[in-house]
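First the proteins, then the strands, lettered A, B, ... as listed; each starts at 1. These numbers were taken from a predicted model, which means no experiment stands behind them.
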There are 2 protein chains.
Amino acid sequence: MPKQGRSLETRSRILEAAARVFAAHGYGKGTTNRIAEEAGISVGSLYQYFPNKDAILVELSRAHIHDGEALIAARFADTDLPADLEGRVRVFVEAAVANHIDMPRLHAVLFEQAPWSPELVAELRAFEDRTITAAESLLAADPSVRVTDLRVAATFVVGTIEALTHRFIVSEPARLAVPAFVEEMVAMVSRYLTGGA
Amino acid sequence: MPKQGRSLETRSRILEAAARVFAAHGYGKGTTNRIAEEAGISVGSLYQYFPNKDAILVELSRAHIHDGEALIAARFADTDLPADLEGRVRVFVEAAVANHIDMPRLHAVLFEQAPWSPELVAELRAFEDRTITAAESLLAADPSVRVTDLRVAATFVVGTIEALTHRFIVSEPARLAVPAFVEEMVAMVSRYLTGGA
DNA sequence: GTCTATACTGGGATAGAC
DNA sequence: GTCTATCCCAGTATAGAC
């Protein structure tokens with residue numbers, strides 16, 4: 001497996017081609033031949049860069065997780081993070097949307113059709129756990145938050161944002177427009193956290 | 001395609017076997033040979049009852065949709081339906097959980113791996129639309145509901161209950177215990193609908 | 001009506017030439 | 001390092017015997 005220069009570039013080309021092919025044809029019909037063709041190389045060459053089809057897919061999933069983590073980390077570190085709860089919730093909902101809006105069909109394939117190895121599941125899980133813990137500390141520091149169990153609330157909120165982003169953004173056809181979705185999400189989650197009426 | 005007596009029984013046996021096989025092995029590895037074996041017949045016989053593998057799967061999906069609709073309809077028709085909003089939300093959350101709790105892995109396969117024909121997608125969609133409309137009329141009749149757009153709220157609530165049930169009940173391993181999940185769901189949705197603090 | 005044995009196909013992966 | 005041609009297998013579906 002080459003590690004530098006032109007080789008890395010070819011590797012990227014394959015990954016980008018694979019993203020387009022999986023998005024267009026799904027996992028099953030996203031064949032290695034098609035990917036190679038889309039990348040402008042032959043199957044034989046493709047197999048010089050990846051040991052098998054699944055390795056390509058794993059790399060795409062890993063990249064998605066990594067992007068998500070970077071996006072969230074940037075928000076947490078932001079010194080301009082709004083002070084009020086609703087504003088903060090909005091920031092994270094918008095981050096979740098941003099992480100899925102560009103290639104929704106690819107994400108659908110990655111999360112709903114592709115086979116996930118135990119290792120990859122563990123990686124996703126670890127990312128979620130870090131996010132939940134970070135969310136928990138944000139909630140703990142906010143006096144307007146009124147819930148009985150911070151950990152449960154953080155778990156529920158993080159899961160809700162992710163699941164509903166998939167439901168309303170990734171899956172087609174759209175049932176709600178993006179701005180409407182964000183508004184309802186922010187309203188629901190912040191009302192939940194502040195204890196309701 | 002036989003329509004009576006022992007034939008129908010065999011048909012049911014195949015469907016039940018298929019449910020177990022898909023739940024255990026997923027869509028791809030849930031082969032027709034395995035299904036036949038599990039049903040105690042041969043592949044040849046299986047193909048006398050179903051034209052192809054996907055027809056079996058479609059039948060399972062259709063049954064799930066049908067069960068869901070029956071469950072919801074029963075709740076709507078129930079004269080003992082609680083009068084207060086929170087009580088009503090709880091009833092429907094519990095119905096959604098009940099419709100997924102028995103064979104979670106099968107549902108995961110049905111909704112995340114199996115290929116859905118346009119017709120089947122349309123059927124699911126129609127069911128959802130009927131549910132949204134019914135929910136909308138319930139919300140309209142309730143004075144404690146304070147939302148700007150009833151249709152949007154109904155769409156959002158129905159989608160939320162379904163998506164989060166999948167997220168927290170169907171997918172493994174469980175991140176929250178079932179009772180905790182129901183409590184948080186009821187709290188979040190009813191606070192959302194009553195307009196929050 | 002049910003079986004066994006097999007034909008057929010798609011697609012992942014590799015051999016070997018250049 | 002890249003190509004083409006091909007191997008090979010898994011799995012759907014069918015033929016034909018009983």
A:Q48, nearest nucleotide to its side chain (from D:dC3, D:dG1, C:dG12): D:dG1

A:L124 and A:W116: CA distance, side-chain angles, deciding distance, side-chain contact (heavy atoms from CB on, under 4.5 Å) verdict: CA-CA 10 Å; A:L124 177 60; A:W116 281 54; 3.8 Å; yes

Set of residues satisfying side-chain contact (heavy atoms from CB on, under 4.5 Å) with respect to B:S137, sequence neighbours excluded: none

Presence of A:Y49 side-chain N/O under 4.0 Å of D:dG1 phosphate oxygens OP1/OP2: no

Below 3.5 Å is the cut-off: list the nitrogen or oxygen pairs between protein and nucleotides 5-10 of chain C, distance only.
none

Spacing between A:H25 atom NE2 and C:dG11 atom P, to the nearest angstrom: 11 Å

Whole angstrom value for the distance that separates P of D:dG1 from CZ of A:R11: 15 Å

Test log, rule salt bridge (Lys or Arg N to Asp or Glu O under 4.0 Å), inputs A:R167 and B:E162: CA-CA 9 Å; A:R167 162 85 178 201; B:E162 201 187 299; 3.3 Å; yes

A:R88 side chain vs A:P82 backbone, donor-acceptor pair below 3.5 Å: yes

Phosphate OP1/OP2 of C:dA13: any A:Y47 side-chain N/O under 4.0 Å: yes

A:E136, CD atom: more than 12 neighbouring heavy atoms under 6.0 Å: yes

Nearest-angstrom distance from the residue atom NZ of B:K53 to C1' of D:dA13: 12 Å

Test log, rule salt bridge (Lys or Arg N to Asp or Glu O under 4.0 Å), inputs B:R90 and B:E183: CA-CA 8 Å; B:R90 173 169 275 110; B:E183 285 317 303; 2.8 Å; yes

Interatomic distance, B:L46 CG vs C:dG1 P [rounded to whole Å]: 16 Å

Worked verdict on A:H66 versus A:F127 for ring pair (Phe, Tyr, Trp, His ring centres under 6.0 Å): CA-CA 9 Å; A:H66 183 268; A:F127 162 51; 9.9 Å; no

Side chain of A:T32 (C-beta onward), nearest among D:dC3, C:dG12, D:dT14: C:dG12

Separation of atom CZ in B:R13 from atom P in C:dT2, rounded to whole Å: 9 Å

For atom CD1 of A:I41 and atom P of D:dT4, their distance in whole Å: 11 Å

Which nucleotide in D:dA13, D:dC3, C:dC3 has an atom nearest any side-chain atom of B:S42: C:dC3

d(CG, B:D54; C1', D:dA13) in whole Å: 13 Å

Nearest-angstrom distance from the residue atom CD1 of A:I14 to C1' of D:dG1: 12 Å

Shortest non-hydrogen separation from A:L193 to A:V147 and the atoms involved: O-CG1, 3.9 Å

Proximity of B:H166 and B:H107 rings by center, below 6.0 Å: no

Interface residues of residues 33-40 of chain A with DNA chain D (non-hydrogen, below 4.0 angstrom): none

